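What follows is a set of notes on a single structure, which appears directly below.
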Amino acid sequence: MNESDFIAALRTLPLHAGARALEDDCAVLELGGETLILTHDMMAEGTHFLANQDMADVAWKLVATNLSDLAAKGAEPVGVMLGHCLSADDERFLIGLHEALNQFEVPLLGGDTISAGASRVFGLTAIGRATHLPVPDRGLAKPGDAVFVTGTLGRAMLGLEEIGSGSENDLAYRRPAPLLAEGRALAPHVSAMMDVSDGLLLDSWRIAVASKVTLQLDSAAFPVADQARLDECIRWGDDYELLFTAPEDCRLPVPAHRIGKVEKQGPAPLRVDGKILTPEDGIGYRHG
């Protein structure tokens with residue numbers, strides 16, 4: 001089974017209402033007077049990080065990518081739980097974990113540790129507290145909204161090629177920064193929001209499918225790090241910028257690029273410059 005098939009199978013299981021039909025990156029749980037946001041991401045050697053990569057960077061990125069999901073919900077982090085696979089570089093992993101938790105002011109709540117042989121896999125669960133209700137959802141984009149994305153896309157892709165150089169691109173790949181403050185500021189204004197982890201095009205398609213609309217995007221408006229490699233920059237992913245929809249006349253509290261518009265549901269969820277694109281066109285990263 002590939003990733004899409006497996007998730008489709010999971011949807012046949014008993015789901016909590018807070019799972020949002022598994023069409024979002026986070027679960028939303030209302031407990032008493034509090035609304036909690038929960039997310040879990042994993043990183044595997046050879047897929048998400050290089051075998052010879054500094055494990056301090058791997059630990060940092062594990063924390064940052066999970067917090068990025070909380071950012072897309074406008075959440076304030078409460079803490080994280082770690083799933084750790086023991087290796088020869090545990091000391092470096094602990095250094096990076098400590099640096100990330102200090103940088104983002106997030107405490108460790110616990111977790112589990114295993115030994116699993118040569119191939120290393122790490123997991124992290126991040127728990128946050130909603131700062132705005134309703135909590136932003138992938139599935140609430142409305143026809144007439146505009147489509148926006150923060151920052152510059154493709155830096156992480158270029159950073160993998162520049163790894164270890166200390167350049168802005170290198171740091172975007174090794175040590176991304178979750179946009180927590182930006183997410184909290186945007187939460188009252190957006191109709192739909194998610195972070196860009198698997199590529200601008202695939203994540204736009206996901207918003208469109210969840211919202212049952214069509215996203216019409218303009219490639220000339222895409223903010224990319226290398227215009228000559230625009231196509232790669234919008235498909236590669238690992239950017240952790242915020243992709244969102246909001247009313248056209250909305251006065252945004254953070255800088256963002258308008259890249260398209262939301263239309264009524266048409267024959268396809270995603271169009272770029274009028275051309276229909278689907279996941280089968282290789283529009284982003286998918287497992288399996």
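The shown structure was predicted, so the numbers you read here are calculated from the model rather than taken from an experiment.
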Exercise. Side chains of Q103 and R175: does their closest heavy-atom pair fall under 4.5 Å?
Worked result: no
For this session: Indicate yes or no for a side-chain donor-acceptor contact from T131 to the backbone of G74 under 3.5 Å, with no hydrogens or angles considered.
Result: yes
Problem set entry | S191 and D145 side chains, donor-acceptor separation under 3.5 Å | yes
Exercise. Would you call R138 and D25 a salt bridge, taking side-chain N to carboxylate O under 4.0 Å as the test?
Worked result: yes
For this session: Please examine the side chains of I259 and L200, heavy atoms only from C-beta on, and report whether any two atoms are closer than 4.5 Å.
Result: yes
Problem set entry | K261 and E248 ion-paired at < 4.0 Å | no
Exercise. Do the side chains of D41 and L124 get nearer than 4.5 Å, heavy atoms only?
Worked result: no
Exercise. Taking the side chain from D5 and the backbone from M1, do they hold a donor-acceptor pair closer than 3.5 Å?
Worked result: no
For this session: Locate the shortest heavy-atom distance separating L15 from L10; write the atom from each residue and the value.
Result: CD2-O, 3.9 Å
For this session: Could you tell me whether a side-chain N or O of D54 sits under 3.5 Å from a main-chain N or O of A56, the two making a donor and an acceptor?
Result: yes
For this session: Please step through side-chain hydrogen bond (donor to acceptor under 3.5 Å, both in side chains) for the pair S219 and D273, ending with a clear verdict.
Result: CA-CA 6 Å; S219 65; D273 302 332; 2.5 Å; yes
Exercise. Which residues pass the ring-ring contact (aromatic ring centres under 6.0 Å, His included) test with F148, sequence neighbours left out?
Worked result: F244
Problem set entry | pair I37-R129: side-chain heavy atoms closer than 4.5 Å | no
Problem set entry | Salt-bridge criterion met for E23 and R206 (N-O under 4.0 Å) | no
Exercise. Does E99 offer a backbone N or O that forms a donor-acceptor pair with the side chain of N102 under 3.5 Å?
Worked result: no
Problem set entry | Residue pair L62 / G123: nearest heavy atoms and the distance that separates them | CD2-O, 4.0 Å
Exercise. Under a 4.0 Å N-O cut-off, is there an ion pair linking R155 with D238?
Worked result: no
Problem set entry | Check: Q53 main-chain N/O paired with D57 side-chain donor or acceptor under 3.5 Å | no
For this session: Mark yes or no for whether H98, through its side chain, and L94, through its backbone, hold a donor-acceptor pair below 3.5 Å.
Result: no
Problem set entry | Test applied, ring-ring contact (aromatic ring centres under 6.0 Å, His included); reference residue, F93; option that passes from F122, W60, F49 | F122
Exercise. Between T214 (side chain) and A268 (backbone), is there a donor-acceptor pair under 3.5 Å?
Worked result: yes
Problem set entry | No-hydrogen, no-angle side-chain donor-acceptor test under 3.5 Å, H40 and T125 | yes
Exercise. Quick one: does P107's side chain get under 4.5 Å of E105's, heavy atoms only?
Worked result: no
Exercise. Quick one: does L101's side chain get under 4.5 Å of V80's, heavy atoms only?
Worked result: yes
Problem set entry | Least distance between heavy atoms, I207 atom then A192 atom | CG2-CB, 4.2 Å
Exercise. Is R235 paired with D198 through a side-chain N to carboxylate O contact shorter than 4.0 Å?
Worked result: no
Problem set entry | Check ion pair R184-E182 (N to O, under 4.0 angstrom) | no
For this session: Using only heavy-atom distances, determine whether the side chains of S167 and E162 contain a donor-acceptor pair under 3.5 Å.
Result: yes
Exercise. Can you tell me if T150 uses its side chain to pair, donor with acceptor, with the backbone of L242 under 3.5 Å?
Worked result: yes
For this session: Please check if the side chain of S68 supplies one atom and the backbone of A64 the other of a donor-acceptor pair under 3.5 Å.
Result: no
For this session: Answer with yes or no whether the hydrophobic clustering places I276 together with L217; edges join I, L, V, M, F, W, Y residues whose side-chain heavy atoms lie under 4.5 Å apart.
Result: no
Exercise. Is V262 reachable from L140 through a run of hydrophobic residues whose side-chain heavy atoms are each under 4.5 Å from the next?
Worked result: no
